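Read the structure below first, then the notes.
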There are 2 protein chains.
Amino acid sequence: MPQKATSPKYVRLTGEERRARLIEAGLACMARGGIQEFTVDKICAEAGVSRGLIIHHFGSMNALLTAVYATMYDGSTKLTRDLAPGETRLAALLNAFFAPEVFNREAFNIWLTLWGQISINPDLRDEHRVQYADYVRDVADAISEVAVARGRNVDADALARSLVCLIDGLGIQHCIEPTSMQADDAKAACRFFLLPHLGSF
Amino acid sequence: MPQKATSPKYVRLTGEERRARLIEAGLACMARGGIQEFTVDKICAEAGVSRGLIIHHFGSMNALLTAVYATMYDGSTKLTRDLAPGETRLAALLNAFFAPEVFNREAFNIWLTLWGQISINPDLRDEHRVQYADYVRDVADAISEVAVARGRNVDADALARSLVCLIDGLGIQHCIEPTSMQADDAKAACRFFLLPHLGSF
DNA sequence: GCCACAACTATACGGTAGTTCAACAGAGAA
DNA sequence: TTCTCTGTTGAACTACCGTATAGTTGTGGC
């Protein structure tokens, strides 16, 4: 006795929506097991679709990886865009960097994996160059703003480049051994780093 | 016409020597292509031996990976052991960290790969805990030494933990985009980081 | 010279990688 | 309803993964 309204065998989405979900699934796999879990089988299982979809929507696994990288970068920078009620932009940036959505094990597991790929994969390298330059400039501007307000003369660019490296290193440490480097510790370390140059902000 | 003294089909080494060469080959592959090039085929080809040797000498690829990690750590810390003619231990440490043998693209490509594995592979994790703690204590002691000599009161431990993260971050940046962060820049950044707390040293 | 042992080669095996492709099916247009 | 487009399935393909193992060969002790 056939049902009149059979449940559909699959949910059909727009290409854009499906791509977003595959990227999300890719991020989940990467957070769980690095590049070794970033495979067709694992990602499609995570997304609940058949193996054919990644190639259909992205053309190759490498293209999906690039998309994942872009998404990760957008996600981080977006959080730092809209903020600052009464605080300085620099303080707001730091708060954003060390918010739980950004500063957590999963996220840095992903970053660690992606950084490892950047120096290998030319596509990622190019994407990275632009994104990273913007990121550093953002931080440098925020530092500059405080320095000007305080009447201090600092090399905002050099300071920003170091600070950004410090943040990366703190994140890695948190990822590898969370208890030894928690968000508050990391934020304090950044403030401590800036303190002699900018005073409190 | 058979030769009396035929050239041997392979060179036979002691287990220890062969293991060392396989580790070296593994490092070379990892530097070249991350964990994805760290495979039986690639490593054995690099070492110029047949595919069976890794299992024979290490039992598993995972064991080779652990050995590679240990070797990498030993190599870095050994360079920081024997030095200091008239300079402070801290200055000597910094010089060692940013020496070409330690601070270069290949090395940080390997570190990036290994860090990515640490948070996944429990064996590596345990090994890392001990090594890293020693490393930080070393740096903290060196900072303390300078602080005492200068009569300054600093939290050497916190400073060391931050400095170590900063160094990691600087290395990553150098690895990803060498021209934007060279050894001298990185060393200067560390000195700049310590300057307000310790003065020049 | 011969033996015994360990280093080494060579190949096989089951599993899984990324990609290709023909066929199926949901959804909007006519 | 029927057509068309395209998202989607699922199996097939080649290549390579790590591991296991049988057989070969170099070497040092007797």
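The sequence lines fix the lettering, A, B, ..., with proteins before strands; numbering per chain opens at 1. On a predicted model such as this, the values are computed, not experimentally measured, just so you know. Atom set for the values below is all heavy atoms of this structure, side chains included, hydrogens, waters and symmetry mates excluded.
Atom CG in Leu64(A) sits roughly 14 Å away from atom P in dA17(C) (whole-Å rounding). In this structure, Met61(A) places its CE atom 14 Å from P of dT20(C), rounding to the nearest Å. The CG-P distance, from Leu53(A) to dG18(C), rounds to 15 Å in whole Å. In this structure, the CD atom of Glu17(B) is 13 Å from the P atom of dA7(C), given to the nearest Å. Atom-to-atom, CG of Leu22(A) to C1' of dG7(D) comes out at 12 Å; the value is rounded to the nearest Å. When rounded to the nearest whole Å, the span between NE2 of His57(B) and C1' of dG18(D) equals 17 Å. Here dA7(C) presents its P atom at 15 Å from CD1 of Ile55(B), a figure rounded to the nearest Å. The CZ-P distance, from Phe58(A) to dT20(C), rounds to 16 Å in whole Å.
Within the structure, salt bridge (charged side-chain N to carboxylate O under 4.0 Å, His left out) pairs that include any residue of residues 170-191 of chain A comprise Glu177(A)-Arg129(B) (at least two apart or interchain).
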Next on the checklist: One pair to check against side-chain hydrogen bond (donor to acceptor under 3.5 Å, both in side chains): Thr66(B) and Asp123(B). What are the steps and the verdict?
Outcome noted: CA-CA 7 Å; Thr66(B) 307; Asp123(B) 297 346; 4.6 Å; no
Checklist entry - Yes or no on salt bridge (charged side-chain N to carboxylate O under 4.0 Å, His left out) for Arg89(B) and Glu145(B), after CA distance, side-chain angles and deciding distance? => result CA-CA 8 Å; Arg89(B) 170 130 187 82; Glu145(B) 179 193 301; 5.9 Å; no
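Two rings, from Tyr73(A) and Trp111(A), have their centers less than 6.0 Å apart. A centroid separation of 6.0 Å or more is found between the aromatic rings of Phe108(B) and His174(B).
For the contact set between residues 30-51 of chain B and DNA chain C, defined by any heavy atom under 4.0 Å, the members are Val49(B), Ser50(B), Arg51(B). Contact check of residues 110-121 of chain A against DNA chain C (heavy atom, cut-off under 4.0 Å) returns no residues at all.
Using a 4.0 Å heavy-atom distance criterion, Leu13(B) is classed as a sugar-phosphate-only contact. Residue contacts for Ser60(A): at a heavy-atom cut-off of 4.0 Å it reaches the sugar-phosphate backbone alone, with no base atom in range.
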Can you tabulate the close N/O pairs, meaning under 3.5 Å, that link protein atoms to atoms of nucleotides 22-26 of chain C?
{"from": "dA25(C)", "atom 1": "OP1", "to": "Lys9(A)", "atom 2": "NZ", "distance (Å)": "3.1"}
{"from": "dA25(C)", "atom 1": "O4'", "to": "Tyr10(A)", "atom 2": "OH", "distance (Å)": "3.4"}
{"from": "dG26(C)", "atom 1": "OP1", "to": "Lys9(A)", "atom 2": "N", "distance (Å)": "3.2"}
{"from": "dG26(C)", "atom 1": "N2", "to": "Arg12(A)", "atom 2": "NH2", "distance (Å)": "2.8"}
{"from": "dG26(C)", "atom 1": "N3", "to": "Arg12(A)", "atom 2": "NH1", "distance (Å)": "3.1"}

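With sequence neighbours excluded, no residue satisfies side-chain hydrogen bond (donor to acceptor under 3.5 Å, both in side chains) with Lys42(A).
The CZ atom of Arg18(B) sits 6.0 Å away from the CZ atom of Arg21(B) when rounded to the nearest 0.5 Å. Rounding to the nearest 0.5 angstrom, the gap separating the OG1 atom in Thr39(B) from the CE atom in Met61(B) is 6.0 Å. The CG atom of Asp138(A) lies 11.0 Å from the CD1 atom of Ile143(A); values are rounded to the nearest 0.5 Å.
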Show me the donor-acceptor pairs, under 3.5 Å and distance only, between side chains in residues 161-173 of chain A and residues at least two apart or in other chains.
{"from": "Arg161(A)", "atom 1": "NH1", "to": "Ser180(B)", "atom 2": "O", "distance (Å)": "2.9"}
{"from": "Ser162(A)", "atom 1": "OG", "to": "Ala158(A)", "atom 2": "O", "distance (Å)": "3.3"}
{"from": "Gln173(A)", "atom 1": "OE1", "to": "Tyr132(B)", "atom 2": "OH", "distance (Å)": "3.2"}
{"from": "Gln173(A)", "atom 1": "NE2", "to": "Ser180(A)", "atom 2": "OG", "distance (Å)": "3.0"}

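The number of heavy-atom neighbours closer than 6.0 Å to CD of Glu17(B), taken from other residues, nucleotides and ligands shown, is above 12.
Tested against Met30(B), the residues Ile43(B), Leu112(B), Ile110(B) include a single side chain to side chain contact (heavy atoms under 4.5 Å, CB included) partner, Ile110(B).
In this structure, His56(A) does not reach the dC21(C) phosphate: none of its side-chain N or O atoms is under 4.0 Å from OP1 or OP2.
Two residues, Gly15(A) and Gly52(A), neighbour DNA chain D, and the one matched to the more 5' nucleotide by heavy-atom proximity is Gly15(A).
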